[in-house]
Amino acid sequence: MTTISSIPRIMVAAMGALCILQAAPAASQVKHGVIPHAPLLKTLLPGTANVEVAVYETEYAPGAINPRHLHPAAVTFYVVSGTGVWQEEGRPAVTLRAGDSLYVPAGTIHSHWNPSATKPLRFLEFIVAEKGKGRSIPDPIKK
């Protein structure tokens, strides 16, 4: 049987450092960056040549935040479960709970986050935009 005392300490330290380095990118994505999510629906709007309808389901881990960004198209958010906070630049924060929705006009700089330390936040995003132009633009320049 191998014990910690029989493994050279330098190897234990190196393994620990690798574990920390492996975990760091995932933690930084959840806490500070764009949170990846795949569309539930993404299709051209019938009768149009280039207008797309997209529905995304997003889950934020406890404490996760999507910092200051904007969407070139309007977005409607609908909270499926948990509690989230949305804040449009220059306006008071709005708390949304399961069943609540919020319309954010095109070009509105905003952020949103999960204030819970224990429960995830799940919400849907509904976007109708010119094909390929509905996703977020992170950290836009202040006006």
Side-chain angles (χ1 to χ4, degrees), residues 2-4 7-143:
T2 305
T3 64
I4 295 282
I7 299 174
R9 287 191 177 144
I10 190 78
M11 288 182 71
V12 172
M15 288 171 52
L18 283 173
C19 288
I20 290 169
L21 289 172
Q22 290 276 336
S28 67
Q29 282 181 350
V30 170
K31 295 291 184 187
H32 302 291
V34 173
I35 298 171
H37 52 284
L40 294 176
L41 170 72
K42 196 169 194 178
T43 187
L44 285 177
L45 189 60
T48 70
N50 201 29
V51 177
E52 181 172 74
V53 175
V55 179
Y56 297 87
E57 181 178 21
T58 305
E59 184 170 323
Y60 284 20
I65 182 171
N66 191 348
R68 192 174 179 279
H69 65 282
L70 66 81
H71 301 266
V75 180
T76 299
F77 295 97
Y78 175 81
V79 177
V80 175
S81 64
T83 299
V85 178
W86 274 257
Q87 185 162 23
E88 294 179 17
E89 193 160 273
R91 301 186 78 187
V94 175
T95 300
L96 301 178
R97 292 173 178 76
D100 291 340
S101 59
L102 176 70
Y103 173 80
V104 177
T108 302
I109 297 171
H110 64 286
S111 60
H112 33 93
W113 61 91
N114 179 355
S116 175
T118 59
K119 296 180 182 172
L121 163 65
R122 284 182 51 232
F123 60 91
L124 300 175
E125 295 176 56
F126 300 87
I127 303 170
V128 178
E130 188 177 330
K131 186 174 181 179
K133 299 203 176 171
R135 298 310 302 147
S136 68
I137 298 171
D139 199 25
I141 297 171
K142 289 190 180 203
K143 295 177 184 176

H110 and R68, any side-chain heavy atoms less than 4.5 Å apart: no

Quick one: salt bridge (charged side-chain N to carboxylate O under 4.0 Å, His left out) partners of E88, sequence neighbours excluded? R91

Heavy-atom pair of closest approach, residues W113 and P115: O-CD, 3.5 Å

Return all side-chain donor-acceptor pairs below 3.5 angstrom for residues 121-131, not counting sequence neighbours, or 'none' if the list is empty.
{"from": "R122", "atom 1": "NE", "to": "E57", "atom 2": "OE2", "distance (Å)": "3.0"}
{"from": "R122", "atom 1": "NH2", "to": "E57", "atom 2": "OE2", "distance (Å)": "2.4"}
{"from": "E125", "atom 1": "OE2", "to": "H37", "atom 2": "NE2", "distance (Å)": "3.4"}
{"from": "E125", "atom 1": "OE2", "to": "T58", "atom 2": "OG1", "distance (Å)": "3.2"}

Please report the shortest heavy-atom distance between S111 and P67, naming the atom on each side. CB-C, 3.8 Å

Please check if the side chain of N114 supplies one atom and the backbone of A64 the other of a donor-acceptor pair under 3.5 Å. no

For the residue pair A106 and P72, what are the closest heavy atoms and their distance? CB-O, 3.4 Å

Where is the tightest heavy-atom contact between A74 and Y103, given as atom of each residue plus distance? CB-OH, 3.3 Å

Would you call the rings of H112 and Y60 parallel, tilted or perpendicular, taking 30° and 60° as the class edges? parallel

Flag side-chain contact, heavy atom, 4.5 Å: R97 against V79: no

Evaluate the criterion side-chain contact (heavy atoms from CB on, under 4.5 Å) for residue pair V94 and L96; output intermediate values, then yes/no. CA-CA 6 Å; V94 175; L96 301 178; 3.8 Å; yes

Within a reach of under 6.0 Å around NZ of K119, are more than 12 heavy atoms found that belong to other residues, nucleotides or ligands? no

Where A54 and Y56 come nearest, the two heavy atoms and their spacing: CB-CE1, 3.5 Å

Once rounded to the nearest 0.5 Å, what's the spacing between atom OG1 of T95 and atom CH2 of W86? 9.5 Å

If I compare all heavy atoms of A93 with all of Q87, which pair ends up nearest, and what's the gap? N-NE2, 3.7 Å

